[in-house]
Chemist: 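Take this structure, written in structure tokens, and hold onto it; I'll ask about it next.
The sequence lines fix the lettering, A, B, ..., with proteins before strands; numbering per chain opens at 1.
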Amino acid sequence: MQLNPRQREAVTYIGGPLLVLAGAGSGKTRVITEKIAHLVRHCDYRAKDIAAVTFTNKAAREMKERIHKTLGRQACRGLRVSTFHTLGLDIIRRETATLGMKPGFSLFDDQDSMALLKALTDDELDVDKSWLKLAVSKISNWKNDMRSPDAVLASAEGDDQLFAVVYEQYQRHLKAYNALDFDDLILLPTVLLRDHPAVRERWQKRIRYLLVDEYQDTNTSQYQLVRLLVGERARFTVVGDDDQSIYSWRGAQPKNLALLQDDFPQLRVVKLEQNYRSMERILKCANILIDNNPHVFEKRLFSDMGYGEPLRVIFGRNEENEAERVVAEIVRERFLEKTRYGDYAILYRGNHQARGFEKSLINNRIPYKMTGGQSFFSRAEIKDIMAYLRLLVNPDDDNAFLRIINLPRRGIGPTSMERIGELANQERVSLFSACQIHGLNTLLSAPAFHAVQSFVELIQRTARKAAEPGEQSVHAIRDLIKFIQYEEWLFESSPSPAAAEMRMKNVNELYRWVSDMLKDDDDEALSLEQAVNKLMLRDMLSRQDEEDDGDQVQLMTLHASKGLEFPYVFMVGMEEGLLPHQSSIDEGNIEEERRLAYVGITRAQQRLIFTLARERRQYGETIRPEPSRFLFELPQDDVKWEDSQTKVSHEEKQQRSASNIAALRNMLKKD
DNA sequence: CGCAAATCCTTTTTT
DNA sequence: AGGATTTGCG
């Protein structure tokens, strides 16, 4: 397939900074991959001079794959395709000396951050979970805005003063633990490049051309990082769509697109408006919906794929029935139109909405895949093993220490831990160091002390072995899991043997990932530290996604759906309070919710069905939600509302029997 | 110190 | 309604 004129312009223009305003489905990934190929083939760039940055691991992986296909694996050697956070991690790792960091640092996820904040504030304030969440997000926002604790302290008012003090202490403790949080992965490199001209030049030479995908998602610190990396020469292409900016709560703002024009007056802007994904009717609805938002750049999607069928709105009696009807519709269509399960996506606002759909899919024996929902890494067994690995890499990681010091049971209880904690506090060292202080034996009971000793010895012994290259380190981890009798512990602590087996399977999966990363395959082998940090960034999750993309119905949040496309899309829970989410209604941030709806609509290639429930249980009580305002903003000629009242129940019955028959058929086929 | 019951709190989106 | 955390007992 040929590039259209706009696309070609975006690919071949390399004279200066370029902004590609790429509407949904306008082939932006193709433009990026073609551009990289163009740079390598026709311009004076080697693959290793080029970096492409995305926001999700999944996007990075997909892009890498597509470039490999276009350019060939060999020609791609040294090409950087990564998320912002991975790039940041890379820079930090190579500049630890300048940053004054010890090697072997840990990455804190926000649960770790919350645990640290809790420890910091517990004595003086009675903190609840929502306070901690607020604190984490405040600190995160300050970091994203590149404001140091001092700067915040100087200007904070009211409640913020307290948070600012906490911020300052939080930073100090992170440093003491030799730990970084996710935001540091952007902030540190940015500050580093800003303040060290020599380092900056080194990286500007290293990355001679920079491409940024999903540019509308950049926050202040990420944008500054981009600016510092491209420098005066400003050789870069950013691709974005202000209508798909759905991460303002993370500091990303559509206005960043406009900012670019101010900072680079010579900026060239190319608009991609031809859509290669959806039927015209779907685009019409999307365009009209998003017209309700103010715009920096005008943009109107069109396609030549035909007008298409009307969009539909389906009501369920309650959320259960909503799910049943969606599943019934899928079963019916698959039977009548010979569609594949994999052609369907069910998109929702919040992860909790997935439950009912999962249940209904299981009942009908329909294969499905849920993406996101932090499932794997939030499993207790994974967090346990990760904590062991983190402690191996960085013994000063108190969060990791606390998680596993008595897991499996070693007879080190709260009393002993309190003593160790006091000692650590008093000596201003980490808990693990405190365990090695002479005189600890006088504070603990004999058995507890003995247990602590052997724990310390275990970690040190394993860490030493894990530091050795290749096979040795893999064995070290295998032996560790054996030694602590984790499998036995799982069987002891799980409600059923089946559950324990399941959990052990997860552990083995994690183990497999780590071993794969430690061994050298095509790329160079990672150190354990690198592997652990990569896992903290959830880098393997996407890899797992790749493995089973069979014929399965896709379930995901609207956020997670960005960048994807499906022939048939259900947008479920189209209700006030849910799709404009209640909190966004309260904050008056309807525009972002509208963009979220826009993203959902533009995922659909052929058919789009909205569903909602007349009744929904929420916090134990039943509410009767209004249909989402966005449904009324659509051109009503193109939307077919399911008739209400009597006709509904008739149709419902028909659908139900169809579904039952289909389910029966399905069962017979299976067994 | 470890396990079971009782309470209470939840639901926005993610690197 | 369900899951997580905290309390109370053996």
Side-chain angles (χ1 to χ4, degrees), chain A residues 53-60 82-89 107-111 113 118 128-130 133 136-137 140 143-144 180-187 214 217-219 221-222 244-252 318-320 347-356 359 371-374 377-378 380 406-417 445 447-448 451 489 492-493 495 533-539 541-542 556-562 573 577-587 589 592-593 595-597 599-600 616-623:
Chain A
V53 182
T54 64
F55 276 82
T56 63
N57 293 305
K58 202 167 159 194
S82 67
T83 63
F84 261 107
H85 290 85
T86 306
L87 176 64
L89 181 64
L107 260 183
F108 274 21
D109 62 22
D110 38 350
Q111 294 198 39
S113 297
K118 189 166 162 51
D128 63 345
K129 210 170 172 186
S130 67
K133 273 189 179 163
V136 167
S137 89
S140 173
K143 286 191 176 185
N144 287 333
L180 303 175
D181 63 22
F182 285 163
D183 301 311
D184 287 331
L185 294 183
I186 311 296
L187 183 60
E214 305 284 9
D217 291 337
T218 47
N219 56 39
S221 60
Q222 287 163 336
Q244 294 188 67
S245 168
I246 53 176
Y247 287 102
S248 72
W249 45 274
R250 216 166 62 182
N318 49 43
E319 69 265 41
E320 251 177 5
L347 308 180
Y348 36 82
R349 176 68 230 261
N351 277 307
H352 63 280
Q353 287 172 264
R355 183 171 294 283
K359 207 174 122 194
T371 32
Q374 52 160 213
F377 275 85
S378 63
N406 202 30
L407 194 150
R409 301 267 123 86
R410 296 191 172 84
I412 304 171
T415 328
S416 310
M417 268 322 299
S445 69
W489 155 252
E492 239 170 73
S493 61
N533 283 335
K534 265 209 146 135
L535 284 171
M536 287 303 286
L537 284 173
R538 315 290 195 260
D539 205 8
L541 262 187
S542 44
M556 68 188 78
T557 62
L558 287 163
H559 282 88
S561 76
K562 194 168 64 152
L578 219 46
L579 187 40
H581 193 271
Q582 190 56 49
S583 48
S584 296
I585 296 174
D586 296 340
E587 292 164 26
N589 193 8
E592 175 140 323
E593 298 288 312
R595 289 193 291 269
L596 207 43
V599 166
R616 190 176 289 275
R617 272 194 299 282
Q618 200 174 259
Y619 306 116
E621 56 188 343
T622 305
I623 57 162

Chemist: Roughly, in whole Å, what's the span from CG in A:Leu578 to C1' in B:dT13?
Modeler: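 Atom-to-atom, A:Leu578 to B:dT13, this comes out as 12 Å.
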Chemist: For B:dC3, take OP1 and OP2 only and decide whether either is under 4.0 Å from a side-chain N or O of A:Arg409.
Modeler: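 Yes, within the criterion.
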Chemist: Which whole number of Å gives the distance between the C1' atom of B:dT14 and that of C:dG3?
Modeler: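 Straight-line distance between the two C1' atoms is 22 Å.
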Chemist: How many whole angstroms separate atom CG of A:Leu579 from atom P of B:dT13?
Modeler: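 These atoms are roughly 13 Å apart.
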Chemist: Counting side-chain heavy atoms from CB outward, which of B:dT13, B:dT15, B:dC1 is closest to A:Thr557?
Modeler: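 So the side chain of A:Thr557 is nearest to B:dT13.
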Chemist: Check the pair A:Ser583 / A:His581 against side-chain hydrogen bond (donor to acceptor under 3.5 Å, both in side chains), numbers first and verdict last.
Modeler: CA-CA 6 Å; A:Ser583 48; A:His581 193 271; 2.7 Å; yes
Chemist: Counting heavy atoms from C-beta on, name the nucleotide in B:dT11, C:dA1, B:dT13 closest to the side chain of A:Arg617.
Modeler: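 Comparing B:dT11, C:dA1, B:dT13 against the side chain of A:Arg617, the answer is C:dA1.
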Chemist: Hey, is the side chain of A:Asn219 poking within less than 4.0 Å of OP1 or OP2 on B:dT15, counting only N and O atoms?
Modeler: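 Checking B:dT15 against A:Asn219, no side-chain N or O comes under 4.0 Å of OP1 or OP2.
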Chemist: Nearest-Å distance, CE (A:Met417) to P (B:dC1)?
Modeler: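 Going from A:Met417 (CE) to B:dC1 (P), I get 11 Å.
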Chemist: Is a side-chain donor or acceptor of A:Asn144 paired with a backbone partner of A:Arg250 at a separation under 3.5 angstrom?
Modeler: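 Yes: the side chain of A:Asn144 pairs with the backbone of A:Arg250.
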Chemist: Reckon A:Asn57 has a side-chain N or O less than 4.0 Å from the OP1 or OP2 of B:dT15?
Modeler: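 No, because none of the side-chain N or O atoms of A:Asn57 sits under 4.0 Å from OP1 or OP2 of B:dT15.
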Chemist: Closest-nucleotide mapping onto DNA chain B: is A:Trp489 or A:Phe84 further toward the 5' terminus? I mean the 5' end.
Modeler: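 Per heavy-atom nearest nucleotide, the more 5' residue is A:Trp489.
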Chemist: Looking only at atom types and distance, does a side-chain atom of A:Arg595 sit under 3.5 Å from a main-chain N or O of A:Ser245, one as donor and one as acceptor?
Modeler: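 The answer is yes, because a donor-acceptor pair under 3.5 Å joins these two groups.
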Chemist: To the nearest Å, give me how far apart CE (A:Met556) and P (B:dT14) are.
Modeler: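 Going from CE in A:Met556 over to P in B:dT14 covers 11 Å.
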Chemist: In terms of the nearest nucleotide of DNA chain B, which residue is placed more toward the 5' end: A:Lys133 or A:Ser416?
Modeler: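 Nearest-nucleotide comparison on DNA chain B picks A:Ser416.
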Chemist: Would you kindly give the CG-to-P distance between A:Leu535 and B:dT15, to the nearest whole Å?
Modeler: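 Spelled out: CG on A:Leu535 to P on B:dT15 is 14 Å.
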Chemist: Taking only N and O in the side chain of A:Ser140, is any of them less than 4.0 Å away from OP1 or OP2 of B:dT15?
Modeler: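 So the side chain of A:Ser140 is outside the cut-off, no N or O lying under 4.0 Å from OP1 or OP2 of B:dT15.
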Chemist: Whole angstrom is fine here: how far is it from CD in A:Gln353 over to P in B:dT10?
Modeler: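 Roughly 18 Å, once rounded to whole Å.
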Chemist: What's the closest nucleotide to the A:His581 side chain, out of B:dT13, B:dT11, B:dT15?
Modeler: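 Given the options B:dT13, B:dT11, B:dT15, the side chain of A:His581 is closest to B:dT11.
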Chemist: Do we see a donor-acceptor contact under 3.5 Å between the side chains of A:Glu593 and A:Asn589?
Modeler: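 Note: A:Glu593 and A:Asn589 side chains miss the donor-acceptor criterion.
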Chemist: Look at all strands and tell whether A:Glu587 reaches a base, only sugar-phosphate, or nothing, counting heavy atoms closer than 4.0 Å.
Modeler: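 Base, at least one base atom sits under 4.0 Å.
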Chemist: Between atom NZ of A:Lys534 and atom CG of A:Leu107, what is the distance when rounded to the nearest 0.5 Å?
Modeler: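 A:Lys534 NZ to A:Leu107 CG: 12.0 Å, rounded to 0.5 Å.
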Chemist: Go through B:dT15, C:dG3, B:dT14 for me and flag the one nearest to the A:Tyr247 side chain.
Modeler: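 From the listed options, B:dT14 comes nearest.
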Chemist: In whole angstrom, what separates A:Leu537's CG from B:dT15's P?
Modeler: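 In whole Å, B:dT15 P lies 9 Å from A:Leu537 CG.
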Chemist: Whole Å only: how far is the CD atom of A:Glu621 from the P atom of B:dC8?
Modeler: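 After rounding, the reported distance stands at 18 Å.
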